[in-house]
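Because only heavy atoms are used, hydrogens play no part in the values below, and waters and symmetry mates are left out as well, while side chains stay in. Order of listing sets the numbers, starting from 1, for every ligand and every atom in it.
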Amino acid sequence: MLLKDKVAVITGAASVRGLGFATAKLYAEQGAKVVIIDLNADASQAAAASLGAAHLGLAANVSNEQQVNAAIEQVLGKYGRIDILVNNAGITQPIKLMDIKRENYDAVLDVSLRGTLLMSQAVIPTMRAQQSGSIVCISSVSAQRGGGIFGGPHYSAAKAGVLGLAKAMARELGPDNVRVNCITPGLIQTDITAGKLSDEMKTAILAGIPLNRLGDAQDIARAALFLGSDLSSYSTGITLDVNGGMLI
Ligand code: NAD
């Protein structure tokens with residue numbers, strides 16, 4: 001078991017078809033105590049309960065500092081430590097550059113970028129005190145390619161911001177043995193993509209994927225296990241592409 005007795009906080013993990021829940025499930029199977037943080041308390045609790053009694057489901061909007069800090073206080077009250085944070089919560093909006101209004105920009109940047117900052121700030125004092133920790137941030141191939149899949153330009157910008165923030169955090173936290181790394185998923189079949197791709201779009205996208213399939217949530221969960229666990233003990237500030245070869 002790679003995560004025996006580790007405490008892992010995963011945001012946006014209540015959606016059972018999503019990348020966060022797949023990661024939560026794999027982490028639980030590997031011995032971690034998992035905390036699922038998502039917008040809806042019932043959904044978070046149900047998702048955590050489905051993994052077993054050792055796990056916890058909490059409600060928080062990751063872009064709300066008060067809610068984030070209250071959730072992390074609850075985690076520390078119950079488990080006393082935090083070993084892994086997976087910044088997974090994110091939203092996308094398939095709109096074009098000139099259609100981006102302030103509210104679109106704010107909504108997308110708030111969840112992915114501000115959420116990653118606030119959640120990380122909330123756990124860092126604990127990880128520093130422990131002199132150990134791993135923060136895994138979910139970016140996107142859209143940050144590297146400038147979209148071209150389903151997110152708008154503001155989504156690409158938010159996810160590129162996550163890459164920069166993660167590297168800066170890795171540099172600053174390295175001396176405290178806190179590692180920070182990113183995963184850049186390609187196109188993965190979850191609720192975020194369901195119904196947003198026509199057959200033509202899918203065919204065109206597959207033509208650009210050497211492995212000739214869309215990803216599934218397990219592909220990302222396994223990468224998150226590598227980065228969250230000691231398997232990646234000498235990696236910090238890296239970007240792990242999990243995209244079927246889309247960038248070759
Ligand atoms: P999903 O929509 O299935 O899950 C996202 C979860 O985040 C949902 O449970 C939602 O309730 C939660 N969430 C949204 N806003 C929140 C907030 N403010 N606070 C707390 N939770 C919030 O999406 P997914 O496909 O599993 O995506 C997970 C992550 O992976 C996202 O960051 C997404 O941008 C990224 N990603 C997905 C793909 C893909 O193809 N599916 C590709 C690249 C990157």
Going by the atom numbers of ligand 1, which of them fall below 4.0 Å from some non-hydrogen atom of [X]?
{"X": "I91", "answer": "14 (C), 15 (N)"}
{"X": "G18", "answer": "3 (O), 26 (O)"}
{"X": "N61", "answer": "17 (C), 18 (N), 19 (N)"}
{"X": "L187", "answer": "40 (O)"}
{"X": "N88", "answer": "28 (C), 29 (C), 30 (O), 31 (C), 32 (O)"}
{"X": "Y155", "answer": "33 (C), 34 (O), 35 (C), 36 (N), 43 (C), 44 (C)"}

What part of [X], side chain, backbone, both or neither, has a heavy atom within less than 4.0 angstrom of ligand 1?
{"X": "T184", "answer": "neither"}
{"X": "S139", "answer": "backbone"}
{"X": "Q189", "answer": "neither"}
{"X": "A217", "answer": "neither"}

**Prompt:** So is L39 close enough to ligand 1, meaning a heavy atom under 4.0 angstrom away?
**Reply:** yes
**Sub-4.0 Å heavy-atom approach of F21 to ligand 1** = no
**Asked** Would you call D99-K101 a salt bridge at under 4.0 Å N-O?
**Response** no
**Prompt:** Does D219 pair with R213 as a salt bridge, N-O distance under 4.0 Å?
**Reply:** yes
Before signing off on this row, confirm whether [X] and ligand 1 have an N or O atom pair separated by under 3.5 Å.
{"X": "S15", "value": "yes"}
{"X": "S140", "value": "no"}
{"X": "A14", "value": "no"}
{"X": "V62", "value": "yes"}

Looking at [X], I'd like to know if its [atom1] atom is crowded, meaning that more than 12 non-hydrogen atoms belonging to other residues, nucleotides or ligands lie closer than 6.0 Å.
{"X": "F226", "atom1": "CZ", "value": "yes"}
{"X": "E73", "atom1": "CD", "value": "no"}
{"X": "E103", "atom1": "CD", "value": "yes"}
{"X": "Q130", "atom1": "CD", "value": "yes"}

**Item:** CA sep, side-chain torsions, deciding dist, call: D216, Q189, side chain to side chain donor-acceptor pair (under 3.5 Å)
**Value:** CA-CA 6 Å; D216 63 40; Q189 301 191 73; over 6 Å; no
Of [options], which has the heavy atom at the shortest distance from [atom]?
{"atom": "atom 20 (C) of ligand 1", "options": "S142, G12, A60", "result": "A60"}
{"atom": "atom 9 (O) of ligand 1", "options": "D38, T11, D216", "result": "D38"}
{"atom": "atom 37 (C) of ligand 1", "options": "I188, V242, L19", "result": "L19"}

**Side chains of T239 and K167 in contact at under 4.5 Å (non-hydrogen atoms)** = yes
**Prompt:** Does Y79 belong to the same Ile/Leu/Val/Met/Phe/Trp/Tyr cluster as I135, with side-chain heavy atoms less than 4.5 Å apart forming each link?
**Reply:** yes
**Request:** List in chain and number order the residues that pass side-chain contact (heavy atoms from CB on, under 4.5 Å) with K25, two or more places apart in sequence or in another chain; answer none if no residue qualifies.
**Result:** F21, E29, L51
**Prompt:** Listed by chain and number, what are the side-chain contact (heavy atoms from CB on, under 4.5 Å) partners of A223, not counting sequence neighbours?
**Reply:** I183, L240, V242
**Request:** Write down the atom of M119, the atom of V62, and the distance for their closest heavy-atom approach.
**Result:** CG-CG1, 3.9 Å
